[in-house]
Amino acid sequence: MGDSIKTKPPSCTAAVTIPAEGHARRVAGLRQKIHQITDEVIDAGKFHYGSQTRHLEEAIQQAWGGHPVATTSCTQAMILALQAARTRPGDEVIIPAATFIATAFSVSAVGAIPVIVDVTEPTFTLPSPSVLRPLSLRSPAVPAQ
């Protein structure tokens with residue numbers, strides 16, 4: 001056989017820092033405005049549902065229409081969405097197995113029954129066949145992932 005070249009695998013001992021998404025660069029030009037708005041919120045003492053919340057809702061409405069409602073958490077937003085979908089006590093709501101507990105809590109908070117369905121890899125989302133199997137007349141909602 002011919003000559004072979006023996007190589008040593010590269011060392012993995014050096015620390016490499018990979019910047020997440022470059023937030024500092026993106027917000028550098030907005031620094032003064034961000035501090036101004038933060039100061040206004042702190043001075044007003046209204047961290048939820050104050051004037052800045054109204055400004056946000058108005059900006060979203062102008063950009064996309066509809067009736068935007070800012071909430072203080074994703075849990076609150078899911079409860080509001082389930083209520084808007086007219087989910088009633090006893091209804092079954094299909095949720096993915098790979099989710100945060102707040103998803104099931106939101107369903108329970110409106111009196112509905114969470115139906116946990118397995119997910120597929122590598123997306124960890126609800127595949128169509130697994131969603132269809134448990135659907136019944138008592139399943140008016142499947143929260144988007």
Side-chain angles (χ1 to χ4, degrees), residues 5 7-145:
I5 300 172
T7 59
K8 185 178 178 185
S11 173
C12 294
T13 58
V16 177
T17 303
I18 300 172
E21 294 185 34
H23 295 298
R25 284 192 320 271
R26 263 190 294 225
V27 299
L30 299 172
R31 184 176 179 83
Q32 295 283 35
K33 187 69 175 171
I34 291 169
H35 284 268
Q36 175 193 343
I37 292 170
T38 303
D39 286 344
E40 288 173 12
V41 170
I42 292 170
D43 292 345
K46 286 193 164 190
F47 298 95
H48 304 293
Y49 311 117
S51 63
Q52 293 301 328
T53 303
R54 277 192 305 283
H55 293 316
L56 173 64
E57 291 171 339
E58 289 167 2
I60 293 171
Q61 184 175 34
Q62 288 175 4
W64 293 305
H67 303 284
V69 178
T71 62
T72 58
S73 70
C74 290
T75 304
Q76 188 181 31
M78 286 189 289
I79 291 170
L80 183 62
L82 288 164
Q83 290 170 333
R86 297 191 173 123
T87 306
R88 295 176 297 205
D91 285 348
E92 295 175 346
V93 178
I94 295 168
I95 63 171
T99 188
F100 186 63
I101 189 65
T103 308
F105 171 79
S106 300
V107 173
S108 297
V110 297
I113 302 162
V115 177
I116 300 170
V117 175
D118 206 2
V119 296
T120 57
E121 292 185 35
T123 62
F124 295 102
T125 58
L126 294 172
S128 298
S130 69
V131 170
L132 295 177
R133 262 183 248 117
L135 277 179
S136 72
L137 293 176
R138 292 174 46 191
S139 304
V142 179
Q145 299 178 47

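Quick caveat: nothing in here was measured; it's all calculated off a predicted structure.
Heavy atoms only, all atoms of each residue included: Arg54 and Tyr49 are closest at NH1-O, 4.1 Å. Between Ala97 and Ile116, the shortest heavy-atom distance links the atoms CA-CG2, 3.6 Å.
Every residue two or more places apart in sequence or in another chain was checked for a side-chain contact (heavy atoms from CB on, under 4.5 Å) with Ala81, and none qualifies. When the side-chain contact (heavy atoms from CB on, under 4.5 Å) test is applied to Leu30, the partners found at least two apart in sequence or on another chain are Ile34.
Contact annotation: the side chain of Pro114 never approaches that of Val93 to less than 4.5 Å [non-hydrogen atoms, C-beta and beyond]. Between Ile95 and Val107 there is a side-chain heavy-atom pair separated by less than 4.5 Å. Between Thr75 and Phe100, the closest side-chain pair of non-hydrogen atoms is not below 4.5 Å. When side chains are defined from C-beta on, Leu82 counts as touching Ser106, because their heavy atoms get closer than 4.5 Å. You'll find the side chain of Phe47 stays beyond 4.5 Å of the side chain of Thr72, heavy atoms only. Looking only at side-chain heavy atoms (C-beta outward), Gln83 and Val110 come within less than 4.5 Å of each other. Within the 4.5 Å cutoff, the side chain of Gln52 has heavy atoms near those of the Ile37 side chain.
Atoms OG and CG, from Ser73 and Leu80 in turn, are 10.5 Å apart once rounded to the nearest 0.5 Å. Taking OG1 of Thr103 as the reference point, atom CE of Met78 lies at 4.0 Å (rounded to 0.5 Å). Between the CZ atom in Arg86 and the CG atom in Asp91 there is a gap of 12.5 Å [rounded to 0.5 Å].
A donor-acceptor contact shorter than 3.5 Å is absent between the side chain of Asp43 and the backbone of Glu40.
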Side-chain atoms of residues 56-67: list all donor-acceptor pairs with protein atoms under 3.5 Å, sequence neighbours left out, distances to 0.1 Å.
unit_1 : atom_1 : unit_2 : atom_2 : d
Glu57  : OE2    : Ala70  : N      : 2.8
Gln61  : NE2    : Gly66  : O      : 3.0

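Residue Phe105 qualifies as open at atom CZ: its count of foreign heavy atoms under 6.0 Å is 12 or below.
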